[in-house]
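The structure under discussion appears below in the form of structure tokens.
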Amino acid sequence: MARPRKNSTALVATRKEIDSRRLSYFYHVAKFGSISKAEASLGVAQPAISRQISLLEEEIGAPLLERTGRGAKLTAIGELLYVVNVHFR
């Protein structure tokens, strides 16, 4: 009998710990809607922020941001993570 596949939301719920630095970078990008604005706020280079968010997306198993020429827009899962992140700040 095949095991049911877990969806990405379930993966978030089953993780024991997510890197707090990655969450902080994600929070700032989501808050400002831009990696460059998050860079200015955090004092961290854009490539480092982008890399940490990519690692967070891999850890969660789903894209959190849609990167555009004018910034970054949250995906549905990104919105959920942002709301949870704001709630626990």
Exercise. What is the minimum heavy-atom distance between Ile49 and Val44, and which atoms define it?
Worked result: CD1-O, 3.6 Å
Problem set entry | Where Thr75 and Pro63 come nearest, the two heavy atoms and their spacing | OG1-O, 2.8 Å
Exercise. What is the distance from atom CG of Leu80 to atom CG of Leu64, rounded to the nearest 0.5 Å?
Worked result: 10.0 Å
All pairs passing ring-ring contact (aromatic ring centres under 6.0 Å, His included) where [range] contributes a residue, at least two apart:
{"range": "residues 35-55", "answer": "none"}
{"range": "residues 40-61", "answer": "none"}
{"range": "residues 53-75", "answer": "none"}

Exercise. Does any pair with a residue in residues 22-31 pass side chain to side chain donor-acceptor pair (under 3.5 Å), and if so which ones, sequence neighbours excluded?
Worked result: Arg22-Gln52, Arg22-Glu59
Exercise. Which pairs pass salt bridge (charged side-chain N to carboxylate O under 4.0 Å, His left out) with one or both residues in residues 64-85, sequence neighbours excluded?
Worked result: Glu57-Arg67
Problem set entry | pair Leu56-Leu81: side-chain heavy atoms closer than 4.5 Å | yes
Are [Y] and [X] co-members of a hydrophobic cluster defined by side-chain heavy atoms under 4.5 Å apart?
{"X": "Val86", "Y": "Val29", "value": "yes"}
{"X": "Leu23", "Y": "Phe32", "value": "no"}
{"X": "Tyr82", "Y": "Leu65", "value": "yes"}

Problem set entry | Asp19 vs Phe26, side chain to side chain contact (heavy atoms under 4.5 Å, CB included): CA-CA, chis, key distance, verdict | CA-CA 11 Å; Asp19 188 290; Phe26 168 75; over 6 Å; no
Exercise. Got a sec, which residues hit side-chain hydrogen bond (donor to acceptor under 3.5 Å, both in side chains) with Ser36, two or more places apart in sequence or on another chain?
Worked result: Ser34
For this session: With sequence neighbours excluded, tell me which residues meet salt bridge (Lys or Arg N to Asp or Glu O under 4.0 Å) with Glu39.
Result: none
